[in-house]
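Lettering follows sequence order; numbering is per chain, from 1.
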Amino acid sequence: MAENKKTFKIKGMHCASCIRVIESSIKKIPGISDASVSLVTEKATVAFDPKRVNDEQVMSAVSRVGYKAFLEEEGESEEKEKEEKQKELSALKRKAFISLFLAFLIVWGSFPYIDQFAPFILKNFWVQLILALPVQFWAGLMFYKATIPALRHRTANMDTLITIGTTAAFGYSVVATVFPQIIESAGIEPMPYFDVSAVIIGLILLGRYFEAKAKAGTSEAIKKLIGLQAKTARVLKNGKEEDIAIDQVVIGNIIRVRPGEKIPVDGKVKEGQSSVDESMISGESIPVEKTKGDLVIGGTINKTGSFIYEATKVGSDTMLAQIIKLVAEAQASKAPIQRLVDLISSYFVPVVLMLAIFTFTVWYIFGPQPAFLFAMLNLVAVLIIACPCAMGLATPTAIMVGVGIGAEHGILIKNAESLEIAHKINTVIFDKTGTLTNGKPVVTDIISTSQVKGAGPARSVLQIASSIEKGSEHSLAEAIVQKADQEGLALSAVEGFKAVPGHGVEGIINKKRVIFGNRKLMDREKIIWRKMEANIEKLESEGKTVMMLAVEGELAGLIAVADTLKQTSKKAIDTLSKMGIEAVMITGDNERTAKAIAKQAGIKRVLAEVLPDQKEAEVKKIQAEGKVVAMVGDGINDAPALAAANIGIAMGTGTDVAMEAAGITLVSKDLASVAEAIELSKKTMRTIKMNLVWAFGYNITLIPVAMGALYPVFQILLNPIFASAAMALSSISVVSNSLLLKRTKL
Amino acid sequence: MSIDKILVAFFGLFGIAFTFWFFLMKKEKEVEVSGEIDITVSGGYSPEVISVPVGKTTRMNFFRTDPTDCLSEVVLPDFKIRKELPLNKKISVEITPKKTGEFGYTCGMNMYHGKIIVK
């Protein structure tokens with residue numbers, strides 16, 4: 001029976017008797033062979049047959065007796081892993097520097113011209129052998145360790161090349177030192193090449209050290225996001241405040257946040273007021289004001305005030321957890337551009353091995369004397385110069401950095417493919433409501449016709465209109481009531497309230513009959529309103545909705561309501577047009593309203609009166625014109641259009657549905673992020689292309705040089721020592737180039 | 001041509017042919033998996049090629065014993081998974097393929113390859 005051992009963290013234990021209870025409960029599950037619980041560490045170690053028992057069974061057995069079991073969190077071992085990684089890294093560094101120091105001594109004693117100044121002892125071949133031994137088999141052990149199992153799998157990798165290359169140079173040198181007569185009998189002066197094997201290993205280890213350090217930088221974004229998570233929450237229970245661990249917070253908990261503290265989980269403000277710095281999530285640098293009813297996001301920082309809120313999302317449902325998941329997934333995905341690279345790299349190492357054998361053979365047969373030496377050194381050079389790592393790292397490192405930068409700016413990229421496509425976009429379709437506009441109608445104009453009792457004419461129009469609209473559920477009513485609230489107006493009581501669908505509302509206020517609504521309502525009630533026609537037309541041409549108020553059969557005034565353009569929209573559209581990208585607006589509104597908003601935003605092409613289910617078709621029509629289209633929207637009814645576009649961009653905090661259909665999600669409501677996302681894609685693609693050109697160009701030009709292509713005409717050969725330096729530099733340069741993306745200003 | 005050159009020519013050609021056969025013409029043994037599979041990570045993945053049923057969740061338990069840096073990450077790009085594989089520690093990855101076909105998985109630097117055949 002194959003047995004599995006797992007450690008569960010147990011919560012809720014307080015005495016030694018708990019141990020027995022939990023142990024016996026777990027042991028009752030068929031398939032469990034052992035369970036031991038420790039009170040000190042609060043952990044249960046369970047041995048079981050994985051075929052018969054799963055984790056959930058163990059957890060439910062524990063919860064049945066009143067405790068809680070969690071699988072050992074990855075976060076806990078993370079520290080240990082980090083420590084181990086650090087240890088590995090410093091071991092690598094130590095090996096690199098010791099190898100280089102020993103290599104330096106060997107080079108000093110053996111390299112032409114330099115050896116004239118070397119102490120006599122370093123010129124001794126036996127001393128060189130002793131210096132080279134630890135480099136080859138202690139520092140270089142990792143290459144052998146990687147090569148042997150790979151060969152068993154019939155695969156070859158970079159380590160295979162290094163192992164064969166250095167072993168050839170080292171092996172020859174050992175023979176030249178220990179049995180010089182063999183070499184001599186072949187007519188060659190017995191000279192060892194310990195410098196070659198030692199320097200190659202030293203430089204490649206150094207290269208790996210820098211590469212590993214740089215590579216850690218490419219995955220920093222996730223670590224930063226994880227670091228945003230708060231560790232504890234101050235929960236109010238029975239009037240008392242208690243600090244509890246973040247994973248213990250449940251939906252409905254009431255949490256207090258004081259100035260300067262991190263907000264632990266997502267929720268809704270119940271009491272208090274503050275400004276919150278959401279820059280780490282949305283990329284917006286200006287703190288956001290929060291009052292009762294507003295949503296707060298876990299991981300953001302409370303600045304000035306103190307407030308109490310109710311947890312609405314916890315654990316893996318919080319926005320931050322979702323973002324981390326999205327970023328991790330995107331970083332793991334593959335860009336289409338990488339497919340060709342994959343194909344090539346799967347053949348690369350075997351091909352290099354064949355080229356190396358070919359090089360040896362040709363040099364041995366056709367090369368100048370001593371042919372064997374030329375053949376061997378060129379074989380080593382070919383093996384060492386080839387750098388498959390640079391090709392393998394070119395695309396993923398840039399994608400990782402690109403996706404990471406996006407997340408820091410509130411641009412969440414779903415996968416590498418989206419990041420790649422975004423740079424080709426030449427048309428951006430914006431949904432109007434909620435994307436270009438604030439999505440919430442507000443009162444823009446109040447015009448009064450006659451003096452009605454009250455503080456001032458406009459104020460009384462608003463006061464009466466808001467009183468009667470108080471009972472209405474229409475979205476425009478909310479705007480009017482809110483305006484009255486802002487102005488501090490007290491509302492009057494309404495009797496006989498009645499909503500007339502498609503027309504407006506009516507009722508009695510202060511014993512006066514009041515009606516409020518559109519032209520149709522006024523006509524039905526025979527109100528004389530034509531004298532205001534010019535005002536109404538003018539307001540409507542600005543994209544506003546106008547409603548009239550009549551009191552006791554006489555027109556009292558007009559109120560215009562409109563969804564206003566976001567402050568940032570115009571600038572964002574300007575930026576896009578400067579980038580040569582056409583902006584298009586799509587909306588269900590009538591042509592006039594749509595055009596008015598489009599004009600304010602600076603958009604020339606408007607698709608008005610488009611029903612929600614037609615949006616997708618409109619997107620396809622524009623694609624048929626040969627355009628690469630991004631669709632920017634926010635609501636559920638946008639989801640098909642988002643999916644149909646070459647790339648869907650979901651705006652604002654969005655809905656889950658839209659996020660699923662969208663290739664890019666913008667956390668911030670600022671439209672400037674659209675241009676930023678496209679810019680980021682352009683820069684990432686440029687980095688990838690530079691990396692690929694570099695990685696391929698490097699191999700394509702230098703492998704032939706190492707083979708001796710330049711020798712017949714220029715007598716140029718590649719010294720294996722320089723080959724190893726070039727190789728080490730080539731991986732580092734690809735990773736560093738990707739890291740340069742981090743300096744990008746969006 | 002002297003005898004040594006003829007020998008080198010012969011062994012050279014043989015070496016190239018052998019390299020081609022050894023690395024590029026290997027037949028991958030396919031392991032049928034239902035539910036769960038342990039994959040040892042040492043100089044590659046064993047088993048390297050697995051076949052899994054479509055629409056069902058398969059758990060792949062990676063266990064790395066090889067300190068090679070390349071292998072310290074495993075990437076399943078089609079399933080959007082990139083996982084660190086600490087030495088000598090079992091790391092599980094779950095996939096639920098939605099369509100049939102062949103999907104590769106690789107190490108972090110794309111040098112070692114495995115294949116998931118979804119049937």
Side-chain angles (χ1 to χ4, degrees), chain A residues 2 4 50-51 77 80-81 84-85 88 92 142 145-159 186 208 211-212 215 328-334 338 341-342 345-347 349-351 353-355 357-358 360-362 364-365 371 375 388-389 391-393 395-396 400 415-416, chain B residues 1-2 4-6 8-26 28 35-36 38 40-46 48 61 65-73 75-84 86-87 89-91 104 106-113:
Chain A
N4 234 343
K51 288 199 185 90
S77 49
K80 222 168 114 194
E81 272 163 36
E84 243 158 57
K85 267 230 146 127
E88 270 176 47
L92 189 58
M142 55 190 276
K145 268 190 175 167
T147 301
I148 293 161
L151 285 180
R152 246 184 255 140
H153 276 266
R154 291 174 72 171
T155 46
N157 54 37
M158 178 126 140
D159 301 87
R208 287 219 172 153
E211 186 189 307
K215 244 172 61 197
E329 285 184 354
Q331 289 188 335
S333 65
K334 195 173 270 189
Q338 210 187 324
V341 185
D342 283 0
S345 63
S346 62
Y347 291 105
V349 175
V351 168
L353 281 172
M354 289 189 268
L355 286 176
I357 300 172
F358 176 75
F360 182 90
T361 313
V362 170
Y364 189 86
I365 297 171
C389 277
M391 290 193 285
L393 291 168
T395 316
M400 283 177 83
N415 50 35
Chain B
M1 205 161 15
S2 58
D4 58 326
K5 285 187 179 179
I6 291 168
V8 166
F10 173 76
F11 281 110
L13 281 175
F14 174 78
I16 290 171
F18 177 79
T19 309
F20 186 84
W21 169 82
F22 187 78
F23 292 113
L24 299 177
M25 293 194 35
K26 68 170 171 177
E28 292 141 342
E36 196 167 14
D38 289 334
T40 309
V41 183
S42 170
Y45 303 98
S46 34
E48 202 166 80
N61 304 315
T65 55
D66 181 345
T68 312
D69 191 47
C70 283
L71 289 167
S72 65
E73 266 183 330
V75 188
L76 292 79
D78 298 295
F79 303 95
K80 291 204 234 161
I81 294 168
R82 178 185 283 270
K83 275 257 176 181
E84 290 255 337
L87 260 184
K89 196 177 161 192
K90 191 154 107 179
I91 298 291
T106 66
C107 69
M109 288 182 196
N110 203 2
M111 307 231 301
Y112 297 90
H113 301 93

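Within the 4.5 angstrom heavy-atom criterion, atoms from both the backbone and the side chain of B/V8 approach chain A. Using a 4.5 Å cut-off between heavy atoms, B/S46 touches chain A through backbone and side chain atoms alike. Proximity to chain B involves both the backbone and the side chain of A/M158, based on heavy atoms less than 4.5 angstrom apart. Proximity to chain A is absent for every atom of B/D78, based on heavy atoms less than 4.5 angstrom apart. The part of B/Y112 that comes within reach of chain A is its side chain, from C-beta onward, which places non-hydrogen atoms under 4.5 angstrom from that chain. Neither the backbone nor the side chain of A/L355 has a heavy atom closer than 4.5 Å to any heavy atom of chain B. Within the 4.5 angstrom heavy-atom criterion, only side-chain atoms of B/L24, from C-beta onward, approach chain A.
For the atom pair CZ of B/F14 and CD1 of A/I357, the computed distance is 10.0 Å after rounding to the nearest 0.5 Å.
Residue with the most contacts toward chain B among A/G392, A/A328, A/P350: A/P350 (heavy-atom pairs, distance under 4.5 Å). For the options B/T106, B/L71, B/D4, B/L13, heavy-atom pairs under 4.5 Å to chain A are most numerous at B/D4. The candidate with the highest count of non-hydrogen atom pairs below 4.5 Å against chain B, out of A/V349, A/L151, A/D159, is A/L151.
Within the 3.5 Å criterion, the main-chain N or O of B/W21 finds a donor-acceptor partner in the side chain of A/R154.
Here the side chains of A/T155 and B/K26 are in contact, with some heavy-atom distance below 4.5 Å.
The environment of CZ in A/F358 is sparse: at most 12 heavy-atom neighbours from other residues, nucleotides or ligands sit within 6.0 Å.
Across every non-hydrogen atom of A/P149 and B/D66, the tightest pair is CG-OD2, 4.0 Å.
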